[in-house]
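Working notes, beginning with the structure itself.
In listed order, ligands and their atoms are each counted from 1. Source: prediction; values computed, not measured.
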Amino acid sequence: MTATGHGLHPWQEWQGHALVVGPGGIGKALLTALPERAPHLRLWSAGRHEGDLLVDLEDPASLERLGQEAVQHLSPLRLVICAAGLLHGEGLQPEKRLSQVQAAALHRSFAVNAWGPLLLAKAVEGALPRQEPSHLASLSARVGSIGDNRLGGWYAYRGAKAAQNQLLRTLALEWRRRLPLACVTLLHPGTTATALSAPFRSSVPEDRLFSPDQAAQVLLTVLERQTPETSGAFLAWDGQPIPW
Ligand SMILES: NC(=O)c1ccc[n+]([C@@H]2O[C@H](COP(=O)([O-])OP(=O)(O)OC[C@H]3O[C@@H](n4cnc5c(N)ncnc54)[C@H](OP(=O)(O)O)[C@@H]3O)[C@@H](O)[C@H]2O)c1
């Protein structure tokens with residue numbers, strides 16, 4: 001979907017609500033960039049500690065609450081972007097070798113990076129429109145590509161992002177039958193200067209590092225081009241498909 005007959009991208013005319021989950025570096029930049037792209041959508045943010053709504057992807061009860069709020073106040077929900085993710089934090093460091101792998105860290109990473117976005121989709125499904133197009137996009141990562149894994153390491157993050165890709169691809173196939181106007185997209189933002197990448201980007205040259213605002217713009221440009229027919233794609237910031 002590119003532009004309508006009179007030159008406007010369809011999002012310019014979409015009515016309803018948009019939700020960005022995970023107002024971190026990229027999430028906040030998406031919230032800043034969206035009003036220009038979709039001026040009539042009422043924008044909502046949801047995070048663990050900040051946002052219009054509170055949600056913790058690791059807590060099924062809080063997801064259920066978010067789902068109830070979405071059905072009551074955010075219908076029709078035309079655009080959902082999950083920008084939440086976890087690479088490092090308390091008790092969680094990307095592993096360099098097998099001996100560093102910990103069950104608890106695997107569990108946390110999978111809760112946020114793998115099944116969190118799927119449970120989010122389940123929670124908000126009832127608010128998605130049946131008769132109009134909608135998007136559910138989630139930020140994955142190129143390191144979740146199994147075909148592209150040449151370096152190894154980062155077991156919990158890699159494994160969880162690969163699992164997210166499979167889970168949301170499976171959802172895209174289900175919605176093709178049950179919600180045929182919904183489009184599910186997995187997006188890789190490219191290395192972006194946020195808290196998540198801060199400890200790991202010393203080898204990335206300045207000109208290959210996005211600011212959060214740049215990442216948000218390129219991701220929205222890619223997402224705007226997706227349609228229900230392309231649902232289930234795993235795409236990089238430049239619109240190129242990434243091997244599963
Ligand atoms: N930055 C990069 O270079 C890069 C590259 C590839 C992919 N990505 C992906 O892009 C997405 C956005 O990352 P970012 O760079 O913007 O990182 P970020 O600034 O660290 O933001 C991550 C967001 O996720 C939220 N989050 C973490 N655990 C959560 C939970 N249990 N429930 C709800 N929200 C939770 C964080 O909330 P708190 O502040 O409360 O922790 C934060 O708002 C992530 O999925 C990441 O994997 C980023």
Can you tell me the protein heavy atom closest to [atom] and the distance?
| atom | answer |
| --- | --- |
| atom 41 (O) of ligand 1 | R48 NH2, 2.5 Å |
| atom 15 (O) of ligand 1 | T194 OG1, 2.5 Å |
| atom 7 (C) of ligand 1 | S140 O, 3.1 Å |

Practice problem: Group every Ile, Leu, Val, Met, Phe, Trp and Tyr by side-chain heavy-atom contacts under 4.5 Å, then state whether W44 and I81 land in the same group. | Solution: no
Heavy-atom proximity to [atom], best of [options]:
| atom | options | result |
| --- | --- | --- |
| atom 47 (O) of ligand 1 | F210, Y157, F200 | Y157 |
| atom 27 (C) of ligand 1 | G85, P212, A111, A84 | G85 |
| atom 23 (C) of ligand 1 | G27, A83, A29 | A83 |
| atom 5 (C) of ligand 1 | A193, G22, G190, S197 | G190 |

Proximal ligand 1 atoms for [X], defined as those under 4.0 Å from one of its heavy atoms:
| X | answer |
| --- | --- |
| G25 | 16 (O), 18 (P), 19 (O), 21 (O) |
| E58 | 31 (N) |
| V55 | 32 (N), 33 (C) |
| D56 | 30 (C), 31 (N), 32 (N) |
| T191 | 3 (O) |
| P23 | 43 (O) |
| A141 | 6 (C), 7 (C) |

Heavy-atom contacts under 4.0 Å between [X] and ligand 1: side chain, backbone, both, or neither?
| X | answer |
| --- | --- |
| H49 | side chain |
| P189 | side chain |
| L139 | both |

Would you check whether [X] has a nitrogen or oxygen atom less than 3.5 angstrom from a nitrogen or oxygen atom of ligand 1?
| X | value |
| --- | --- |
| V112 | no |
| G24 | yes |
| L57 | yes |
| I26 | yes |
| K161 | yes |

Is any side-chain heavy atom of [X] closer than 4.5 Å to a side-chain heavy atom of [Y]?
| X | Y | result |
| --- | --- | --- |
| L79 | L34 | yes |
| Q12 | P39 | yes |
| L57 | L86 | no |
| Q226 | S231 | no |

**Message:** Can you confirm whether some protein heavy atom lies under 4.0 Å from atom 38 (P) of ligand 1, or whether none does?
**Reply:** yes
Check the surroundings of atom CZ in R178: do more than 12 heavy atoms from other residues, nucleotides or ligands lie under 6.0 Å from it? yes
Expected output: side-chain S62 to main-chain D56 donor-acceptor under 3.5 Å
yes
* To do: Name the orientation class of the two ring planes belonging to W11 and W14 (parallel below 30°, tilted from 30 to 60°, perpendicular beyond 60°).
  => tilted
